[in-house]
Amino acid sequence: MNPVPITSDEALASAAERLAAAPRIALDTEFMRERTYYAELAFVQLADADEVTLVDPLAGLDRGRLAALLGVPGQVKVLHAARQDIEVLLPLTGAPLGPVLDTQLAAALIGAPAQVGYGDLIASELGLALDKSQARTDWTRRPLSPAQLQYACEDVRWLLPLAARLEERLAALGRLAWFQEDSARLADPALYRTSPADAWQRFKACETLPPREQLRLRALAAWREARAMRRNLPRGWVLADEALRALARAAPKTPAAIAALNVMAPGAVEKLAAEMLAALAAAEAEPLDGIVQRRDERPPPEERARLERLGAALKAVAKELKVAPEVLATQRDLRRIVRGERVDAVLAGWRCAVLGTPLAEAARRG
C-alpha cells in the first residue's frame with residue numbers, strides 16, 4: 001500500500017527527523033514546465049532503506065523545512081538523471097544538492113546507453129517491470145490518483161538497491177572512482193546557470209547568416225531569454241522562434257515596420273516593440289569583430305578531417321572500455337579541441353587520463 005502524501009508541517013517535521021538518520025536516501029521529483037520558464041515543483045518522493053515518503057509541496061508546506069529535509073549535511077542523495085531534479089529543486093534549496101549519486105551516470109560507465117531510462121535500468125539490473133504510464137500526467141492537479149501515487153513510489157522504491165548493484169559492478173571494473181567523480185560534478189552551480197547571452201545557440205544555422213543578421217538574432221534571442229526568465233514564461237510565449245528570425249532578417253526600425261511583417265499579434269507588437277527595437281539598435285551598433293559567416297553548417301574541410309581523426313580515436317577508446325563514445329567526450333568537446341583548446345582544458349579528471357593521449361596524438365596528425 002502506498003503512503004499518504006505529507007501535507008502538513010507537523011508530518012514533514014516527523015519525516016525529516018526520521019530520514020535525517022539515514023546515510024543515504026533515494027530522491028525524485030515530479031514537476032511541470034509547460035506554462036512557465038522555470039519548472040514548477042509539484043511532488044517530491046524520498047525513500048530510505050525501509051520505506052517511501054511522499055511530500056506534496058503544493059500543500060502550503062514550510063519551504064524552509066522541506067529544504068532542510070533535503071539538505072542534511074553529508075547525507076548522500078541517490079537519483080536517476082539527477083541534473084534535472086537538482087535544477088528543479090534549486091529555487092527551494094538555494095544551491096545544488098550534494099553529495100549525490102546518479103544511477104544514470106553509473107549505468108553509462110558499465111556500458112548502458114548514456115541516457116538510459118530508469119525503467120529500462122530497473123528491468124535490466126533488478127528484473128522488475130515498472131509501469132511508466134503516469135510519466136506525462138499533470139502533477140499539479142489535485143487530488144492525485146492512486147495510479148499517480150503508485151508511479152511516484154516506484155520511482156524511488158528501487159533506487160537504493162539499484163545504486164548498490166551498480167556500485168558493485170563499477171568496483172569490479174575499477175571505475176567506482178570515475179562514478180564518484182562524475183556525480184561530484186553535479187554540485188557545480190555553473191551547470192545550472194542560464195545566460196541570455198548564449199540563447200542564440202539554440203538557433204540552428206545561425207552562423208550561416210550574414211554577420212550583421214547574426215548579431216541581430218543574438219540580440220533578440222538574449223532579450224527574449226531575459227524577458228522569459230523575468231516573467232517566468234516559456235520562450236515561445238514571449239516571441240516565437242520564426243518571428244524572432246523574421247525580425248532579425250528584416251531589421252525593422254519602427255513599430256509599424258514590425259507590424260508589417262505580420263509575424264506577431266497587434267497587441268504583442270504594441271507591448272514589445274520598444275524593447276525589441278532597442279535590442280535591434282544595439283545590434284546595429286555592435287562591431288562585427290569575430291563574427292564570421294560560414295558557408296554552411298558544416299565545419300571547413302580541414303576542420304572536418306581533424307574531427308574525423310579525433311572521432312576515430314574516441315571510438316577506439318570507447319570500444320576498448322565498452323562504453324558509448326559520448327560517455328567519454330561529446331562532439332562539442334572534439335570541436336573545441338580541433339579549434340585549438342588543449343585536451344586537458346576540455347576533458348578533466350579520469351576522462352583526460354584515459355582519452356587525453358589518444359586525442360592529443362590524433363589532433364597532431366596531419
Side-chain angles (χ1 to χ4, degrees), residues 37 190-231 233-264 268-311 329-347 363 366:
Y37 182 92
L191 285 176
Y192 311 97
R193 294 193 193 112
T194 300
S195 172
D198 296 329
W200 66 272
Q201 295 177 10
R202 298 182 60 255
F203 287 85
K204 188 177 180 180
C206 175
E207 292 176 296
T208 67
L209 301 174
R212 186 60 64 186
E213 186 175 337
Q214 286 188 45
L215 286 178
R216 292 194 293 265
L217 188 145
R218 291 183 185 212
L220 287 169
W223 161 78
R224 182 180 70 168
E225 196 78 11
R227 185 177 178 88
M229 294 168 71
R230 193 166 59 248
R231 300 297 182 93
L233 294 171
R235 297 179 189 91
W237 288 22
V238 176
L239 185 67
D241 283 358
E242 285 311 307
L244 193 152
R245 283 187 178 274
L247 288 163
R249 185 167 52 248
K253 299 292 193 296
T254 66
I258 294 176
L261 294 174
N262 201 30
V263 294
M264 298 173 62
V269 174
E270 183 177 350
K271 182 193 304 182
L272 301 176
E275 294 180 20
M276 292 187 297
L277 291 172
L280 288 168
E284 296 295 344
E286 193 172 337
L288 293 173
D289 300 347
I291 305 297
V292 177
Q293 182 178 8
R294 293 181 178 272
R295 208 178 315 179
D296 56 36
E297 292 181 75
R298 298 182 303 165
E302 64 276 9
E303 193 172 307
R304 289 204 301 273
R306 295 184 72 198
L307 274 172
E308 287 175 6
R309 291 198 299 273
L310 264 65
T330 65
Q331 285 300 304
R332 182 172 181 270
D333 293 332
L334 299 187
R335 286 194 295 271
R336 288 174 59 192
I337 294 168
V338 163
R339 292 175 183 176
E341 294 189 50
R342 297 191 327 275
V343 174
D344 60 357
V346 176
L347 303 176

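Quick caveat: nothing in here was measured; it's all calculated off a predicted structure. Heavy atoms only: backbone and side chains are in, while hydrogens, waters and symmetry mates are out.
- Under the 4.5 Å side-chain criterion, counting only non-hydrogen atoms from C-beta, Thr194 is in contact with Tyr37.
- The two atoms that bring Ala243 and Val263 nearest to each other are CB-O, 3.6 Å, heavy atoms only.
- Contact check for Leu217 versus Arg245: side-chain heavy atoms found under the 4.5 Å cut-off.
- Residues Leu244 and Trp223 form no side-chain contact, since every pair of their non-hydrogen atoms from C-beta on lies 4.5 Å or further apart.
- Every salt bridge (Lys or Arg N to Asp or Glu O under 4.0 Å) that Arg224 has, sequence neighbours left out, goes to Asp241.
- Taking each heavy atom of Leu220 and Ala279 in turn, the nearest pair found is CD2-CB, 4.3 Å.
- The two residues Ala221 and Ala199 have their closest heavy-atom pair at O-CB, 3.6 Å.
- In plain terms, the two heavy atoms of Arg336 and Ala345 that are nearest each other are NH2-O, 3.8 Å.
- Across all non-hydrogen atoms, the minimal contact from Ala251 to Glu284 is CB-OE2, 4.0 Å.
- Arg339 and Glu303 are joined by a salt bridge, as a carboxylate oxygen and a charged side-chain nitrogen come within less than 4.0 angstrom of each other.
- Annotation for Ile258 and Met276: closest pair CD1-CE, 4.0 Å, computed over non-hydrogen atoms.
- Using a 4.5 Å cut-off on side-chain heavy atoms (C-beta onward), Leu272 and Met264 make contact.
- Between Leu239 and Leu247, some side-chain heavy-atom pair lies under the 4.5 Å cut-off.
- Remark: the backbone N or O of Val292 is paired with a side-chain donor or acceptor of Gln214 at under 3.5 angstrom.
- The salt bridge (Lys or Arg N to Asp or Glu O under 4.0 Å) check on Arg235 picks up Glu225, with sequence neighbours excluded.
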